[in-house]
Protein chains: 2
Amino acid sequence: MSDSEEAIQAIGENAPVSEILSVEKAQRMAEFFGVLGDPNRWRILSALASRELPVGELAEAVEMSESAVSHQLRVLRTMRLVSYRKRGRNVYYCLKDKHIFNLYQEASEHLDEPDDG
Amino acid sequence: MSDSEEAIQAIGENAPVSEILSVEKAQRMAEFFGVLGDPNRWRILSALASRELPVGELAEAVEMSESAVSHQLRVLRTMRLVSYRKRGRNVYYCLKDKHIFNLYQEASEHLDEPDDG
DNA sequence: GTGATACCTGAACGGATGTTCAAGTGTTTG
DNA sequence: CAAACACTTGAACATCCGTTCAGGTATCAC
(Lines give C-alpha, C1' and ligand atoms only; values in the text may rest on other atoms or scores of the structure.)
Protein backbone atom coordinates (compact mmCIF):
# COMPACT_ATOMS: atom_id res chain seq x y z
CA MET A 1 0.00 0.00 0.00
CA SER A 2 1.40 3.37 -0.98
CA ASP A 3 1.94 6.08 1.59
CA SER A 4 -0.89 8.05 0.05
CA GLU A 5 -3.36 5.17 0.06
CA GLU A 6 -2.57 4.34 3.64
CA ALA A 7 -3.32 7.89 4.69
CA ILE A 8 -6.47 8.32 2.62
CA GLN A 9 -7.93 5.18 4.10
CA ALA A 10 -6.93 6.31 7.55
CA ILE A 11 -8.65 9.64 7.23
CA GLY A 12 -11.45 8.93 4.83
CA GLU A 13 -13.09 5.67 5.80
CA ASN A 14 -14.55 3.94 8.76
CA ALA A 15 -11.25 2.63 10.03
CA PRO A 16 -10.43 1.40 13.53
CA VAL A 17 -9.06 3.92 16.02
CA SER A 18 -5.54 2.67 15.53
CA GLU A 19 -5.67 3.75 11.86
CA ILE A 20 -4.27 7.22 12.31
CA LEU A 21 -1.77 9.01 10.12
CA SER A 22 1.77 7.82 10.60
CA VAL A 23 4.04 10.30 12.30
CA GLU A 24 5.94 10.71 9.04
CA LYS A 25 2.88 11.45 6.92
CA ALA A 26 1.48 13.79 9.57
CA GLN A 27 4.83 15.55 9.58
CA ARG A 28 4.78 16.04 5.83
CA MET A 29 1.22 17.32 5.92
CA ALA A 30 2.09 19.74 8.70
CA GLU A 31 5.17 21.02 6.89
CA PHE A 32 3.15 21.70 3.79
CA PHE A 33 0.24 23.43 5.50
CA GLY A 34 2.63 25.26 7.79
CA VAL A 35 4.03 27.01 4.75
CA LEU A 36 0.51 28.29 4.07
CA GLY A 37 0.26 29.46 7.67
CA ASP A 38 1.79 32.86 7.11
CA PRO A 39 -0.11 35.94 5.89
CA ASN A 40 2.80 37.39 3.93
CA ARG A 41 3.27 34.17 2.02
CA TRP A 42 -0.39 34.31 1.02
CA ARG A 43 0.06 37.85 -0.19
CA ILE A 44 3.06 36.77 -2.21
CA LEU A 45 1.15 33.87 -3.73
CA SER A 46 -1.83 36.06 -4.59
CA ALA A 47 0.45 38.62 -6.20
CA LEU A 48 1.98 35.88 -8.35
CA ALA A 49 -1.50 34.64 -9.25
CA SER A 50 -2.01 37.72 -11.39
CA ARG A 51 1.23 37.31 -13.27
CA GLU A 52 4.89 36.43 -13.23
CA LEU A 53 6.96 38.97 -11.28
CA PRO A 54 10.60 39.74 -10.51
CA VAL A 55 11.55 39.82 -6.83
CA GLY A 56 11.84 43.59 -6.63
CA GLU A 57 8.37 44.29 -8.00
CA LEU A 58 6.97 41.51 -5.87
CA ALA A 59 8.49 43.05 -2.75
CA GLU A 60 7.01 46.40 -3.68
CA ALA A 61 3.58 44.88 -4.34
CA VAL A 62 3.34 43.13 -0.99
CA GLU A 63 5.14 45.92 0.89
CA MET A 64 7.94 43.80 2.26
CA SER A 65 11.70 44.12 2.07
CA GLU A 66 13.42 42.32 -0.78
CA SER A 67 15.32 40.23 1.71
CA ALA A 68 12.18 39.08 3.51
CA VAL A 69 10.53 38.24 0.20
CA SER A 70 13.59 36.33 -0.93
CA HIS A 71 13.59 34.28 2.26
CA GLN A 72 9.92 33.47 1.82
CA LEU A 73 10.36 32.59 -1.85
CA ARG A 74 12.91 30.02 -0.83
CA VAL A 75 10.35 28.44 1.48
CA LEU A 76 7.74 28.47 -1.29
CA ARG A 77 10.26 26.99 -3.72
CA THR A 78 11.07 24.20 -1.28
CA MET A 79 7.39 23.26 -1.16
CA ARG A 80 7.21 23.58 -4.94
CA LEU A 81 4.50 26.20 -4.77
CA VAL A 82 6.40 28.59 -7.02
CA SER A 83 8.87 28.24 -9.84
CA TYR A 84 11.21 30.77 -11.40
CA ARG A 85 13.26 31.63 -14.45
CA LYS A 86 16.30 33.89 -14.66
CA ARG A 87 16.34 36.66 -17.22
CA GLY A 88 19.38 38.89 -17.11
CA ARG A 89 19.70 40.31 -13.64
CA ASN A 90 16.08 39.57 -12.81
CA VAL A 91 14.52 36.42 -11.42
CA TYR A 92 10.88 35.99 -12.38
CA TYR A 93 8.66 33.97 -10.06
CA CYS A 94 5.28 32.43 -10.79
CA LEU A 95 2.90 29.90 -9.27
CA LYS A 96 3.86 26.31 -9.99
CA ASP A 97 0.53 24.51 -10.21
CA LYS A 98 -3.19 24.75 -9.64
CA HIS A 99 -3.35 23.09 -6.24
CA ILE A 100 -2.93 26.39 -4.50
CA PHE A 101 -6.17 27.64 -6.08
CA ASN A 102 -8.11 24.61 -4.91
CA LEU A 103 -6.70 24.88 -1.41
CA TYR A 104 -7.58 28.54 -1.31
CA GLN A 105 -11.14 27.94 -2.41
CA GLU A 106 -11.66 25.03 -0.06
CA ALA A 107 -10.43 27.09 2.89
CA SER A 108 -12.47 30.05 1.79
CA GLU A 109 -15.62 27.96 1.75
CA HIS A 110 -14.89 26.65 5.19
CA LEU A 111 -14.25 30.11 6.60
CA ASP A 112 -17.39 31.50 4.99
CA GLU A 113 -19.60 28.75 6.39
CA PRO A 114 -22.17 29.67 9.03
CA ASP A 115 -21.49 28.43 12.56
CA ASP A 116 -23.64 25.35 12.16
CA GLY A 117 -21.89 24.31 8.91
CA MET B 1 -17.96 42.97 -3.55
CA SER B 2 -17.81 40.39 -0.80
CA ASP B 3 -14.59 39.57 0.95
CA SER B 4 -14.57 36.17 -0.69
CA GLU B 5 -15.18 37.46 -4.19
CA GLU B 6 -12.47 40.05 -3.81
CA ALA B 7 -9.98 37.41 -2.86
CA ILE B 8 -10.98 34.88 -5.48
CA GLN B 9 -10.59 37.45 -8.18
CA ALA B 10 -7.27 38.51 -6.73
CA ILE B 11 -5.88 35.02 -6.74
CA GLY B 12 -7.69 33.37 -9.59
CA GLU B 13 -7.83 35.76 -12.50
CA ASN B 14 -5.57 37.93 -14.56
CA ALA B 15 -5.67 40.86 -12.20
CA PRO B 16 -3.23 43.76 -11.99
CA VAL B 17 -0.31 43.44 -9.61
CA SER B 18 -2.01 45.61 -7.04
CA GLU B 19 -4.81 43.00 -6.71
CA ILE B 20 -3.33 41.02 -3.89
CA LEU B 21 -5.10 39.61 -0.87
CA SER B 22 -5.95 42.20 1.73
CA VAL B 23 -3.92 41.93 4.90
CA GLU B 24 -7.08 40.86 6.74
CA LYS B 25 -7.98 38.07 4.33
CA ALA B 26 -4.38 36.89 4.20
CA GLN B 27 -4.39 36.83 7.99
CA ARG B 28 -7.52 34.70 8.12
CA MET B 29 -6.12 32.29 5.56
CA ALA B 30 -2.86 32.02 7.47
CA GLU B 31 -4.63 31.41 10.78
CA PHE B 32 -6.66 28.62 9.26
CA PHE B 33 -3.80 26.87 7.49
CA GLY B 34 -1.56 27.46 10.47
CA VAL B 35 -3.86 25.24 12.50
CA LEU B 36 -3.17 22.49 9.95
CA GLY B 37 0.55 23.13 10.31
CA ASP B 38 1.08 20.80 13.24
CA PRO B 39 1.65 17.04 12.95
CA ASN B 40 -0.13 16.16 16.17
CA ARG B 41 -3.23 18.03 15.11
CA TRP B 42 -3.25 15.97 11.90
CA ARG B 43 -2.99 12.80 13.92
CA ILE B 44 -5.88 13.95 16.07
CA LEU B 45 -7.97 14.77 13.02
CA SER B 46 -7.19 11.45 11.38
CA ALA B 47 -8.11 9.59 14.55
CA LEU B 48 -11.45 11.38 14.62
CA ALA B 49 -11.98 10.54 10.96
CA SER B 50 -12.52 6.91 11.89
CA ARG B 51 -15.11 7.70 14.55
CA GLU B 52 -16.23 9.89 17.39
CA LEU B 53 -13.92 9.62 20.41
CA PRO B 54 -13.73 10.83 24.02
CA VAL B 55 -10.62 12.83 24.95
CA GLY B 56 -8.99 10.07 26.95
CA GLU B 57 -9.15 7.48 24.18
CA LEU B 58 -8.07 10.08 21.68
CA ALA B 59 -5.03 10.91 23.77
CA GLU B 60 -4.17 7.24 23.98
CA ALA B 61 -4.62 6.76 20.24
CA VAL B 62 -2.29 9.59 19.27
CA GLU B 63 0.10 8.96 22.15
CA MET B 64 -0.15 12.41 23.69
CA SER B 65 -1.02 13.58 27.19
CA GLU B 66 -4.67 14.38 27.83
CA SER B 67 -3.73 17.95 28.58
CA ALA B 68 -1.89 18.43 25.31
CA VAL B 69 -4.80 16.90 23.40
CA SER B 70 -7.26 19.12 25.21
CA HIS B 71 -5.25 22.22 24.34
CA GLN B 72 -5.15 21.19 20.69
CA LEU B 73 -8.85 20.37 20.62
CA ARG B 74 -9.56 23.89 21.72
CA VAL B 75 -7.58 25.18 18.73
CA LEU B 76 -9.44 22.82 16.39
CA ARG B 77 -12.75 23.90 17.92
CA THR B 78 -11.88 27.55 17.38
CA MET B 79 -11.35 26.84 13.67
CA ARG B 80 -14.55 24.79 13.64
CA LEU B 81 -12.74 21.70 12.44
CA VAL B 82 -14.18 19.53 15.20
CA SER B 83 -17.38 19.53 17.21
CA TYR B 84 -18.25 17.76 20.44
CA ARG B 85 -21.05 16.50 22.64
CA LYS B 86 -21.00 15.86 26.35
CA ARG B 87 -22.18 12.51 27.64
CA GLY B 88 -21.85 12.00 31.37
CA ARG B 89 -18.24 12.59 32.35
CA ASN B 90 -17.04 12.13 28.79
CA VAL B 91 -16.72 14.61 25.97
CA TYR B 92 -16.94 13.05 22.53
CA TYR B 93 -15.21 14.81 19.66
CA CYS B 94 -15.74 14.34 15.93
CA LEU B 95 -14.89 16.06 12.66
CA LYS B 96 -17.20 18.94 11.88
CA ASP B 97 -17.39 18.93 8.08
CA LYS B 98 -15.97 17.48 4.88
CA HIS B 99 -13.59 20.31 4.03
CA ILE B 100 -10.79 18.66 5.93
CA PHE B 101 -10.97 15.64 3.61
CA ASN B 102 -10.74 17.79 0.51
CA LEU B 103 -7.84 19.76 1.93
CA TYR B 104 -6.08 16.55 2.82
CA GLN B 105 -6.51 15.08 -0.64
CA GLU B 106 -5.48 18.25 -2.41
CA ALA B 107 -2.31 18.48 -0.33
CA SER B 108 -1.64 14.80 -0.79
CA GLU B 109 -1.84 15.16 -4.56
CA HIS B 110 0.54 18.08 -4.48
CA LEU B 111 3.05 16.23 -2.31
CA ASP B 112 2.86 13.15 -4.48
CA GLU B 113 3.48 15.08 -7.69
CA PRO B 114 6.77 14.54 -9.52
CA ASP B 115 9.27 17.40 -9.42
CA ASP B 116 8.15 18.82 -12.74
CA GLY B 117 4.48 18.89 -11.73
C1' DG C 1 38.51 47.45 -14.74
C1' DT C 2 34.65 50.32 -11.39
C1' DG C 3 30.04 51.10 -10.00
C1' DA C 4 25.21 50.09 -9.97
C1' DT C 5 21.59 46.85 -9.98
C1' DA C 6 19.03 42.52 -8.66
C1' DC C 7 18.89 39.00 -5.82
C1' DC C 8 20.51 35.57 -2.24
C1' DT C 9 22.30 34.09 2.27
C1' DG C 10 23.66 33.63 7.35
C1' DA C 11 23.40 35.34 11.95
C1' DA C 12 20.78 37.39 15.38
C1' DC C 13 16.91 39.09 17.70
C1' DG C 14 11.89 39.19 19.19
C1' DG C 15 7.49 37.19 19.07
C1' DA C 16 4.62 33.17 18.46
C1' DT C 17 3.69 28.24 19.55
C1' DG C 18 3.25 23.56 21.84
C1' DT C 19 4.34 21.04 25.56
C1' DT C 20 4.41 19.96 30.62
C1' DC C 21 2.89 20.60 35.21
C1' DA C 22 -0.23 21.90 38.72
C1' DA C 23 -4.56 23.17 39.85
C1' DG C 24 -9.43 23.75 38.67
C1' DT C 25 -14.51 22.38 37.29
C1' DG C 26 -18.11 19.17 36.89
C1' DT C 27 -19.95 14.37 37.15
C1' DT C 28 -20.54 9.87 38.89
C1' DT C 29 -19.90 6.33 42.54
C1' DG C 30 -20.01 4.61 47.25
C1' DC D 1 -20.60 13.79 52.20
C1' DA D 2 -15.75 12.18 50.09
C1' DA D 3 -13.16 10.03 46.45
C1' DA D 4 -12.41 8.85 41.75
C1' DC D 5 -12.85 10.10 37.10
C1' DA D 6 -12.90 12.95 32.68
C1' DC D 7 -11.66 16.89 31.03
C1' DT D 8 -10.17 21.91 31.02
C1' DT D 9 -7.32 25.79 32.07
C1' DG D 10 -3.28 29.00 33.14
C1' DA D 11 1.54 29.67 33.73
C1' DA D 12 6.13 28.50 32.68
C1' DC D 13 9.51 27.06 29.62
C1' DA D 14 11.80 25.57 25.46
C1' DT D 15 11.61 25.65 20.71
C1' DC D 16 10.44 27.41 16.26
C1' DC D 17 9.77 31.26 12.85
C1' DG D 18 10.00 35.52 10.31
C1' DT D 19 12.01 39.59 10.25
C1' DT D 20 16.11 42.80 9.92
C1' DC D 21 20.77 43.72 8.99
C1' DA D 22 25.13 43.08 6.99
C1' DG D 23 27.49 41.06 3.57
C1' DG D 24 27.91 38.00 -0.64
C1' DT D 25 27.34 36.58 -5.76
C1' DA D 26 26.16 37.57 -10.46
C1' DT D 27 24.97 40.54 -14.26
C1' DC D 28 24.90 44.78 -16.82
C1' DA D 29 26.55 49.67 -18.02
C1' DC D 30 30.24 52.53 -18.46
Side-chain angles (χ1 to χ4, degrees), chain A residues 17 20-21 23 26-48 51-79 81-94, chain B residues 17 20-21 23 26-48 51-79 81-94:
Chain A
V17 188
I20 59 179
L21 284 184
V23 177
Q27 192 81 44
R28 292 207 302 152
M29 279 289 148
E31 275 172 30
F32 176 68
F33 282 102
V35 169
L36 300 179
D38 179 84
N40 285 334
R41 281 196 285 265
W42 272 106
R43 284 168 60 78
I44 289 172
L45 290 170
S46 69
L48 294 179
R51 61 181 171 91
E52 180 184 61
L53 282 174
V55 179
E57 279 187 50
L58 185 52
E60 196 179 354
V62 299
E63 294 171 295
M64 295 171 62
S65 73
E66 267 191 33
S67 177
V69 169
S70 187
H71 277 295
Q72 299 297 23
L73 285 171
R74 188 165 58 82
V75 175
L76 295 171
R77 257 178 4 235
T78 301
M79 278 302 159
L81 286 166
V82 300
S83 59
Y84 66 98
R85 64 183 179 91
K86 296 179 181 175
R87 180 104 180 173
R89 278 180 293 197
N90 293 321
V91 181
Y92 290 84
Y93 281 84
C94 62
Chain B
V17 188
I20 59 180
L21 284 183
V23 177
Q27 192 81 44
R28 292 208 302 153
M29 280 289 148
E31 275 173 29
F32 176 68
F33 283 101
V35 169
L36 300 179
D38 179 84
N40 285 334
R41 282 195 286 263
W42 272 106
R43 283 168 61 79
I44 289 172
L45 289 170
S46 70
L48 295 178
R51 61 180 170 91
E52 180 183 61
L53 281 174
V55 179
E57 279 188 50
L58 186 51
E60 196 179 353
V62 299
E63 294 172 295
M64 296 171 61
S65 73
E66 266 190 34
S67 177
V69 168
S70 186
H71 277 295
Q72 299 296 23
L73 285 171
R74 189 165 57 82
V75 175
L76 295 172
R77 259 182 356 239
T78 301
M79 277 302 160
L81 286 166
V82 300
S83 58
Y84 65 99
R85 65 181 178 92
K86 296 180 180 175
R87 181 104 178 172
R89 279 181 293 201
N90 294 322
V91 180
Y92 289 85
Y93 281 83
C94 62

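Chain identifiers are assigned alphabetically (A, B, ...) following the order of the sequence lines, protein sequences preceding nucleic acid strands; residue numbering begins at 1 within each chain.
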Would you say the side chain of Glu57(B) lies within less than 4.5 Å of the side chain of Arg51(B), judging by non-hydrogen atoms?
yes
Leu81(B) versus Leu36(B): any side-chain heavy-atom pair under 4.5 Å?
yes
Specify the separation, in whole Å, of atom [atom1] of [X] and atom [atom2] of [N].
X        : N       : atom1 : atom2 : result
Arg74(B) : dT25(C) : CZ    : P     : 17 Å
Arg77(B) : dC7(D)  : CZ    : P     : 12 Å
Arg87(A) : dC7(C)  : CZ    : P     : 14 Å
Leu58(A) : dA6(C)  : CG    : P     : 14 Å
Leu73(A) : dT19(D) : CG    : P     : 11 Å
Ile44(B) : dC7(D)  : CD1   : C1'   : 14 Å
Glu66(B) : dT9(D)  : CD    : C1'   : 14 Å
Tyr84(B) : dC7(D)  : OH    : P     : 13 Å

Can you establish whether the number of heavy atoms outside Glu63(B) located under 6.0 Å from its atom CD is more than 12?
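No, not enclosed.
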Starting from the 5' end of DNA chain D, give me the residue, Pro54(B) or Val75(A), whose nearest nucleotide shows up first.
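Residue closer to the 5' terminus by nearest nucleotide: Pro54(B).
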From [options], pick the nucleotide closest to the side chain of [X]?
X        : options                  : answer
Ala68(A) : dT19(D), dT9(C), dT8(D)  : dT19(D)
Val91(A) : dC7(C), dT9(D), dC28(D)  : dC7(C)
Arg89(B) : dG10(C), dG26(C), dT9(D) : dG26(C)
Met64(B) : dT8(D), dT19(C), dT20(D) : dT19(C)

Answer yes or no: does a side-chain N or O of [X] lie under 4.0 Å from OP1 or OP2 of [N]?
X        : N       : result
Arg41(B) : dG18(C) : yes
Tyr93(B) : dA6(D)  : no
Gln72(B) : dT19(C) : yes
Asn40(A) : dT19(D) : yes

On a heavy-atom basis, which atom in Gly34(A) and which in Arg41(A) lie closest, and how many Å separate them?
O-NH2, 3.4 Å
Please give me the minimum heavy-atom distance between Ala61(A) and Arg43(A), naming the atom from each residue.
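Heavy atoms only, the tightest pair is O-NH2, 4.2 Å.
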Go through the N and O atoms of the side chain of Ser67(B) and the base of dT8(D), and report whether any donor-acceptor pair is under 3.5 Å.
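No.
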Let's test your reading of the model: under 3.5 Å, does the base of dT20(D) pair with the side chain of His71(A) as donor and acceptor?
yes
